[in-house]
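Please read these numbers as outputs of a predicted model, since none were measured by experiment. Lettering of chains follows the sequences in order, A, B, ..., and the numbering in each one begins at 1.
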Amino acid sequence: MPELPEVEIIKRSLCKAIDKQSIVDVKQNRLNLRFPFPLNFIDKLKGSSITSFGRKAKYILIYLNNNYVLIIHLGMSGNFLIQKNTPDDDKNIKHTHVVFYTSNNLIIKYIDPRRFGLMDIAKVSEINQHRLLKNIGPDALSNEFNAKYLLKKITNKKCNIKTALLNQNIVGGIGNIYASEALYHSRISPHTSCYGIVNYEDSKNNMKRLVKSVKFILNKAIEAGGSTISDHRLPNGDLGYFQNEFNVYNCESKKCNRKHCSGIIKKIKQSGRSTFFCDSCQELQDHEI
DNA sequence: CTTACGGCCTGTACGC
DNA sequence: TGCGTACAGGCCGTAA
């Protein structure tokens, strides 16, 4: 499930459950996820205490008192389950790859069927130079992500605006659901070309609207507990419910929700990923591809 | 340098 | 019921 809102919620749940606790034991059920686990993975975690939590784009950062940071990415299907005990009928057992045992007697399970997720450990002082983090752009919810920045960053890229929003080196945290939803909210067509975009007089205003929409949608999704697709659960077992507020994602062939718009939601492929949009109210720009 | 796309995995849905 | 195919919340690494 995890885009920025889901990652943020999972981070907050973990923080609430185990911040300031120590990691009394770690069970590692396989040698790799997307990448091999780092050298001495368990040794570096065991016995340490958690000092704080952070997030960079879709990465969760868990800071430890031994000057290491645990770096976690959930990939497509990664999730955490926080439990007080382990039921015998644990149906996730097959995909439970790492289990953390904390000093407040909680069991934190990392579950990831597709194993596109990853874990790594870095020194706190070197976190910004980590190979997977160093090129990531400003967070989608930060002030640094604004119209001026976005316009400058994407101008003359040979891709469309939707693909640009998914590029974590441009802006951190937006995924395939919220890219479509934000473009719909701002009434911008996903076909809009970045090439030469700075030269169009409507671009500044469009980018202002888009940035506002991105933040609005992401914040609203966080408030809603994120989006639950398939059988995903939040770490406490609850369902997110933002999926009930999708206007375009997974809404192919449905009528557009916007007042006075009689358009039908379309599904297309852009850079190999699905894009959903209304070709009636998401303005055709004169600089579309 | 930039951009395009194969590949990593499992699970599910659907057509035959 | 089974089997083949397409697709799914991400993104690295390599080719071009």
Margin query: I'd like to know if A:Ile111 and A:Phe37 are part of one continuous hydrophobic network [Ile/Leu/Val/Met/Phe/Trp/Tyr, side-chain heavy atoms within less than 4.5 Å].
Written below: no
Notebook entry, point to check: Where along residues 148-156 of chain A does a heavy atom fall under 4.0 Å from DNA chain C?
Noted result: none
Next item on the list: Establish, yes or no, whether the cationic atom of A:Arg131 lies under 6.0 Å from the six-membered ring centre of A:Phe35 and within 45° of the ring axis.
Entry: yes
Note to self: Within the 3.5 Å criterion, strictly below it, is a donor on A:Gln282 or A:Ser189 matched to an acceptor on the partner's side chain?
What the structure shows: no
Checklist line | Phosphate OP1/OP2 of B:dC5: any A:Lys269 side-chain N/O under 4.0 Å | finding: no
Next item on the list: Could you tell me whether the phosphate oxygens of C:dG10, OP1 or OP2, come under 4.0 Å of any side-chain nitrogen or oxygen in A:Gln168?
Entry: no
Check: Is any side-chain nitrogen or oxygen of A:Tyr178 closer than 4.0 Å to OP1 or OP2 of C:dG9?
Finding: no
Notebook entry, point to check: Could you state the CD-C1' distance from A:Gln270 to C:dG9, rounded to the nearest angstrom?
Noted result: 17 Å
Notebook entry, point to check: Does A:Thr96 offer a backbone N or O that forms a donor-acceptor pair with the side chain of A:Asn29 under 3.5 Å?
Noted result: yes
Check: Would you call A:Lys56 and A:Asp139 a salt bridge, using N to O less than 4.0 angstrom?
Finding: no
Note to self: Could you tell me how far apart A:Ile229 (CD1) and C:dC7 (P) are, to the nearest whole angstrom?
What the structure shows: 17 Å
Notebook entry, point to check: Within the structure shown, what part of the strands sits under 4.0 Å from A:Gly175 by heavy-atom distance: base, sugar-phosphate, or nothing?
Noted result: sugar-phosphate
Item checked: Partner of A:Ile170 under side chain to side chain contact (heavy atoms under 4.5 Å, CB included), chosen from A:Leu165, A:Thr163, A:Leu150 -> A:Leu150
Check: Under 4.0 Å between a side-chain N or O of A:His95 and OP1 or OP2 of B:dG11?
Finding: yes
Note to self: Taking A:Asn176's backbone N and O only, do any of them form a donor-acceptor pair with A:Glu181's side chain (distance below 3.5 Å, no angle check)?
What the structure shows: no
Notebook entry, point to check: Can you tell me how far CG of A:Leu31 sits from NE2 of A:His97, rounded to the nearest 0.5 angstrom?
Noted result: 12.5 Å
Next item on the list: Can you label the angle between the A:Tyr178 ring and the A:Phe242 ring as parallel, tilted or perpendicular, going by 30° and 60°?
Entry: tilted
Check: Nearest-Å distance, NE2 (A:His97) to C1' (B:dC8)?
Finding: 13 Å
Under 3.5 Å between N/O atoms: give me all the protein pairs with nucleotides 12-14 of chain C, atom names plus distance.
from, atom 1, to, atom 2, distance (Å)
C:dC12, O4', A:Arg34, NH2, 2.6
C:dG13, OP1, A:Arg131, NH1, 3.0
C:dG13, OP2, A:Arg131, NH1, 3.2

Next item on the list: Could you measure between the two C1' atoms, the one in C:dG9 and the one in B:dT3, and give it in whole Å?
Entry: 24 Å
Check: Starting at NZ of A:Lys162 and ending at C1' of C:dG9, how long is that distance when rounded to a whole Å?
Finding: 11 Å
Next item on the list: Considering just the side-chain nitrogens and oxygens of A:Lys58, establish if one lies under 4.0 Å of OP1 or OP2 belonging to C:dG10.
Entry: yes
Check: What is the distance from CG of A:Asn250 to P of B:dT12, rounded to the nearest Å?
Finding: 16 Å
Item checked: Closest nucleotide among C:dC11, C:dG9, B:dC9 to the A:His73 side chain -> C:dC11
Next item on the list: Please work out which of the three classes, parallel, tilted or perpendicular, describes the rings of A:Phe100 and A:Phe80, given edges at 30° and 60°.
Entry: tilted
Next item on the list: Round to the nearest Å and state the distance from A:Leu166 atom CG to B:dC5 atom C1'.
Entry: 15 Å
Margin query: Tell me the interatomic distance from A:Met76, atom CE, to B:dT12, atom C1', rounded to whole angstroms.
Written below: 13 Å
Margin query: Counting only heavy atoms not in A:Glu144 (residues, nucleotides, ligands), do more than 12 fall under 6.0 Å from its CD?
Written below: no
Check: Looking at A:Arg114, does any N or O in its side chain come under 4.0 Å of the phosphate oxygens OP1/OP2 on C:dG9?
Finding: no
Checklist line | Stems where DNA chain B pairs, listed by first number, each of three or more Watson-Crick or G-U pairs under 3.5 Å | finding: B:2-8 with C:10-16, B:10-16 with C:2-8
Check: How is A:Ser274 classified with respect to the nucleic acid when contacts are heavy atoms under 4.0 Å: base, sugar-phosphate, or nothing?
Finding: sugar-phosphate
Check: Does the aromatic ring of A:Phe116 sit over the six-membered base ring of B:dC8, closer than 5.5 Å centre to centre and tilted less than 30°?
Finding: yes
Check: Counting just side-chain N and O atoms, does A:Lys94 come under 4.0 Å of either OP1 or OP2 of B:dG11?
Finding: yes
Note to self: Side-chain N or O of A:Arg115 versus OP1/OP2 of B:dT10: is the shortest distance under 4.0 Å?
What the structure shows: yes
Notebook entry, point to check: Is the shortest heavy-atom distance from the side chain of A:Val124 to the side chain of A:Tyr63 under 4.5 Å?
Noted result: yes
Margin query: Over 60° means perpendicular and under 30° means parallel, so tell me whether A:His191 and A:Phe277 are parallel, tilted or perpendicular.
Written below: perpendicular
Next item on the list: Starting at atom CG of A:Asn167, determine the distance to atom P of C:dC11, rounded to an integer number of angstrom.
Entry: 10 Å
